[in-house]
Novice: 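Okay, handing you the structure first.
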Protein chains: 2
Amino acid sequence: MKKSPTAVDDTSPAKEAGSRRKLTRAEEVRAKLADDIVDGKLSPGMPLDETEIAASYGVSRTPLREAIRDLAAMGLVETRPHRSAIVTRPSPEHLRQMFQVMAELEALCASLAAAHMSLSERRKLETIHEGLAQILKENDPSHYHVLNEKFHAAIYAGSQNAYLVEITLATRRRLSPFRRAQFLTAGRLAKSYKEHDLILVAILQGNRELAAETMRRHILTVEDSYEEYAGLKVT
Amino acid sequence: MKKSPTAVDDTSPAKEAGSRRKLTRAEEVRAKLADDIVDGKLSPGMPLDETEIAASYGVSRTPLREAIRDLAAMGLVETRPHRSAIVTRPSPEHLRQMFQVMAELEALCASLAAAHMSLSERRKLETIHEGLAQILKENDPSHYHVLNEKFHAAIYAGSQNAYLVEITLATRRRLSPFRRAQFLTAGRLAKSYKEHDLILVAILQGNRELAAETMRRHILTVEDSYEEYAGLKVT
DNA sequence: GATGATTTGTACGTATGTATA
DNA sequence: ATATACATACGTACAAATCAT
């Protein structure tokens, strides 16, 4: 596991759990580029020169082009014929819309999880939450981020709906470049943990409405936090 | 407009409204393959031989491979390294999950539309609905289908959320191969129209909850209708 | 289980379209 | 506006992996 800490897994369209089959060059390059975009090493708006990048990864342009096409389908880059692909730079309005949908998707996950999560899944979620409490004490944003992803992923899985998990993760990945800074704003760590606590309780109680509502609020708070950091907020 | 009646538009990842720029070969082939899958000319499980299909379309394997990769990202085909891509054949369980998510996405669209639809959008929706009434009299399933798509698309647009529109349309496209037969079941046309009527009224009244609930029911009824037709239903 | 046939994955050269002087 | 430079789109050849016998 030498992936970057901020990497969102499941870069593949159709993914099997632990299958460690040999990757094609196109898949390798796609994974690397996706990570670089998700954790901000490639900034929104930046053009991706095929020849240049292919050379830098030591592959020909063919697999690189396939990788870029996948990234375009994921929404991470935008392509137009005969022009370089560029890292997606959504307008503030489009970003707002994506956060709104993200909030609803996660709320739906939470609601379904409250209804259908298995006992072992509930225990696992609690364990992750306790881990977050530990990290909170040490005030370590980067470690918090990793476990935070797991907390949310555990709730997605609890929905017992693979398709919902798929589109929720895909949306999360698209938003990742714009959520990175969230834990840098003052006191966000502690607030996030408290929100998680409310969500966890609601899910464990099997209260679907409450789970949905607390999760929705949690996500929209993340958006606020980003806007605050990025200086987009009017407030 | 010589596209097949059942074709779901917006095959492109990033689409501009009326931009009629010259398509690349990869885009042309992708559009054709997507249509063929969506309206069932290519059956789930069928392998797509690259050499064969490339020859049949008169293009080389390079653009064809790019097209297949896009289809894989859309979920219309499944690919595994060094194996032929096959038209996606979801399990009954996975199909159920997709319909569940579809119902929630459309319900969200309807809810947001009830809150935010513009006056001209409302009028357009009414016009479409009246067109459906006309077609209903003539009992013409194929024409009903075309306008039915427009009815739903109009509601998506009314949500004022481009990202929601994007993923809802994408989900609809993925489900299309499994919804084709819905209007063949007895009386489905008339029932569908009545459901639309309830949805329309709720939206025009600005009743978000009711709009969501009537839409959710409508979609799940479509699923039932498919299952009935496909013989999957236990009832 | 090994070997040949078949199909996919990759490299590279040329054609074509875009941007800029 | 025309031409030139440059990046992408596509075709073809070969390598590598799968499958069929």
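Numbered from 1 within each chain, the chains take letters A, B, ... in sequence-line order. Hydrogens, waters and symmetry mates are skipped; everything else that's a heavy atom, side chains included, is used.
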Novice: So, does the side chain of A:S84 form a donor-acceptor pair with the base of D:dA7 at under 3.5 Å?
Specialist: no
Novice: Got a donor-acceptor pair under 3.5 Å from the side chain of B:R83 to the base of C:dG9?
Specialist: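 When only heavy-atom distances are counted, B:R83 does not reach the base of C:dG9 through any donor-acceptor pair under 3.5 Å.
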Novice: Of all the nucleotides listed (D:dT12, C:dA11, C:dG9), which has the minimum atom distance to the side chain of B:S60?
Specialist: D:dT12
Novice: Expressed in angstrom and rounded to an integer, what is the separation of B:Y57 atom OH from D:dC10 atom C1'?
Specialist: 18 Å
Novice: Could you state the atom-to-atom distance from CZ of B:R30 to C1' of D:dA9 in whole Å?
Specialist: 14 Å
Novice: So what does B:R65 touch, heavy atoms closer than 4.0 Å: a base, only the sugar-phosphate, or nothing?
Specialist: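 If one applies the 4.0 Å heavy-atom cut-off, B:R65 turns out to touch a base.
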Novice: Taking A:Q97 for the side chain and B:A162 for the main chain, is one N or O donor matched with an acceptor at less than 3.5 Å?
Specialist: yes
Novice: Of the candidate nucleotides D:dT12, C:dA11, D:dA9, which contains the atom at the shortest distance from the side chain of B:T24?
Specialist: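 Comparing D:dT12, C:dA11, D:dA9 against the side chain of B:T24, the answer is D:dA9.
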Novice: Report the distance from atom CG of B:L64 to atom C1' of D:dA9, rounded to the nearest whole Å.
Specialist: 14 Å
Novice: Heavy atoms under 4.0 Å, any strand shown: does A:L48 hit a base, just sugar-phosphate, or nothing?
Specialist: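 Sugar-phosphate, no base atom in range.
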Novice: Among B:H152, B:E104, B:Q100, find the one that has a side chain to side chain contact (heavy atoms under 4.5 Å, CB included) with B:I219.
Specialist: B:H152
Novice: Grab the CG-C1' distance between B:D49 and C:dT6 for me, whole Å please.
Specialist: 9 Å
Novice: What is the distance from CD1 of B:I86 to P of D:dC19, rounded to the nearest Å?
Specialist: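 The answer, rounded to whole Å, is 12 Å.
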Novice: In whole angstrom, give the distance that lies between atom NZ of B:K22 and atom P of D:dT8.
Specialist: 18 Å
Novice: Is there a donor and acceptor pair, one atom on the side chain of A:R61 and one on the base of D:dA7, closer than 3.5 Å?
Specialist: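 Looking at the base of D:dA7, it does not pair with any donor or acceptor on the side chain of A:R61 (distance under 3.5 Å).
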Novice: Just by distance, no angles: are the side chains of A:Y156 and A:R172 close enough, under 3.5 Å, to form a donor-acceptor pair?
Specialist: yes
Novice: Just compare D:dT8, C:dG9, D:dC10 and give me whichever is closest to any side-chain atom of A:T51.
Specialist: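 Comparing D:dT8, C:dG9, D:dC10 against the side chain of A:T51, the answer is D:dT8.
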Novice: Can you check the A:L23 CG to C:dT10 C1' distance for me, whole Å?
Specialist: 15 Å
Novice: Look at the aromatic rings of A:F151 and A:H129 and report parallel, tilted or perpendicular, splitting at 30° and 60°.
Specialist: tilted
Novice: Does the distance from a Lys or Arg side-chain N to an Asp or Glu carboxylate O, for B:D70 and A:R69, drop under 4.0 Å?
Specialist: yes
Novice: Identify, between A:R80 and B:E50, the residue whose nearest nucleotide on DNA chain C lies closer to the 5' end.
Specialist: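 Nearer the 5' end of the strand: B:E50.
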Novice: From the list C:dT10, D:dT8, D:dG11, which nucleotide is the closest neighbour of the side chain of A:R25?
Specialist: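 Selected nucleotide: C:dT10.
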Novice: Which of the following nucleotides, C:dG9, D:dA7, D:dA9, is nearest to the side chain of A:H82?
Specialist: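 Ranking C:dG9, D:dA7, D:dA9 by closest atom to the A:H82 side chain puts D:dA9 first.
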